[in-house]
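As structure tokens, the structure follows; a few thoughts come after it.
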Protein chains: 2
Amino acid sequence: MKFDDKVPIYYQIKNYLYHEMMTGALKPGDKLPAVRQLAVDLTVNVNTVQRALGEMITEGILESQRGKGNFVTMDEERITQLKGKLVMEQLERFYEQLHALNLTDEQIIDSLKQYIAQRGQQDDQRLSN
Amino acid sequence: MKFDDKVPIYYQIKNYLYHEMMTGALKPGDKLPAVRQLAVDLTVNVNTVQRALGEMITEGILESQRGKGNFVTMDEERITQLKGKLVMEQLERFYEQLHALNLTDEQIIDSLKQYIAQRGQQDDQRLSN
DNA sequence: TATAGTGTAATAGATAAATAGAACACTAGG
DNA sequence: CCTAGTGTTCTATTTATCTATTACACTATA
């Protein structure tokens, strides 16, 4: 896994697991890979994994069962709330940053549309190769 | 100045100065505040300021004149390119993150529109108080 | 030519993050 | 009961960042 060296790895691991849950790769009640296995998969130390999981357990999004494993909470509402929170965080940061770069609301929306449109073209090109 | 403790301060200072240039608060040829003054303003150490400025000088966006001060480059093209690069970085990260959260292109655009619309309402409320 | 204002550099210490390694606690299954 | 697989905890070490402090180099100007 590729990490951005500007933000703590344990923090990026949290976001990685969040995303796995949001996309359904990890469903409510699912068992996570063993911490030692995760450490190998992410080419990272066990303690770093543990730190990420520890925080998520505190948040109530994961549940730990000693000797068995770590599991995604069965509380689906909690996951829904989390997704909403993560989306909102992205929106806030994105808007704030582009606004700080002196773009108007309209320019922000337009630039996103244009970016997505161009991206679509690139995808088409890749598919046709 | 408030810093996000998840990313290096020198890095956040760079972004702060970038934004000052994008908004026109710092124009081509302008002299920056003295490094010691910046350190006071940002409640940060001189070395930390120097590290941020040093990188921007390497990038060619700032020019240093020993004994005189640090100046924004006169090369306006360079600033325009920088703005484009910064906007593109935000777009890429935003899209990637929301896509990873399993939102479709349409949902991404809609959520942004909705966010901006709601934001406008909040602004209106503040203005009427 | 002093002096104040500027950038630059170097050292040493503090803290947070990440690593390596070991040990401990619990569970399941033969 | 033993063992393999799991989570948990601890210590020690390294690295990056930030700070504090001092010193040096250059410029403008009184």
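Quick note on labels: first sequence line is chain A, next is B, and so on, each numbered from 1.
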Closest to the side chain of Val44(B), out of dT19(D), dT6(C), dA20(C), is dT19(D)
From NZ of Lys14(B) across to C1' of dT17(D) the rounded distance in Å is 15 Å
Hey, is the side chain of Tyr10(A) poking within less than 4.0 Å of OP1 or OP2 on dA18(C), counting only N and O atoms? no
task: May I ask you to verify whether the side chain of Asn47(A) and the base of dG21(C) hold a donor-acceptor pair under 3.5 Å?
output: yes
Whole-Å distance, Leu38(A) CG to dT8(D) P, equals 13 Å
Rounded to whole Å, the CD-P distance (Glu55(B) to dG7(C)) equals 17 Å
Rounded to whole Å, the CD-P distance (Glu63(B) to dT8(C)) equals 12 Å
* Using a heavy-atom cut-off of under 4.0 Å over every strand shown, decide if Asn70(A) touches base, sugar-phosphate, or nothing. => sugar-phosphate
From CG of Asn45(A) across to C1' of dA12(D) the rounded distance in Å is 13 Å
Rounded to whole Å, CG of Leu53(A) lies from P of dG7(D) at a distance of 8 Å
Checking dT6(D), dT8(C), dG7(C) against the side chain of Ala34(A) (C-beta onward), the nearest is dT6(D)
So Arg36(A), base contact, sugar-phosphate only, or nothing? Heavy-atom distance under 4.0 Å. base
- Task: Kindly say whether Val40(A) contributes a backbone atom to a donor-acceptor pair with the side chain of Thr43(A) at under 3.5 angstrom?
- Result: no
With the side chain defined as heavy atoms from C-beta on, Val35(B) is closest, among dT8(C), dA18(C), dA20(C), to dT8(C)
Original post:
Any luck finding a side-chain donor-acceptor pair between Tyr95(B) and Asp105(B) under 3.5 Å?
Top reply: yes
Distance-only donor-acceptor check, side chains Gln114(A) and Asp110(A), under 3.5 Å:
no
Is it true that Glu59(A) and Arg78(A) make a salt bridge, defined as a side-chain N closer than 4.0 Å to a carboxylate O?
no
Distance below 4.0 Å between Thr48(B) side-chain N/O and dT19(D) OP1 or OP2
yes
Phe3(A) atom CZ is separated from dA17(C) atom C1', nearest whole Å, by 13 Å
note: Ile9(A), atom CD1; dT15(D), atom C1'; distance rounded to Å ~ 12 Å
Problem - Donor-acceptor pair, side chain of Gln12(B) and main chain of Val7(B), under 3.5 angstrom - result: yes
On DNA chain D, more 5' by nearest nucleotide between Lys6(A) and Ser64(A) is Ser64(A)
Residue pair Lys68(A)/Gln12(A) against DNA chain C: nearer the 5' end by closest nucleotide is Gln12(A)
5'-most contact on DNA chain D (nearest-nucleotide basis), Arg66(A) vs Thr43(B), goes to Arg66(A)
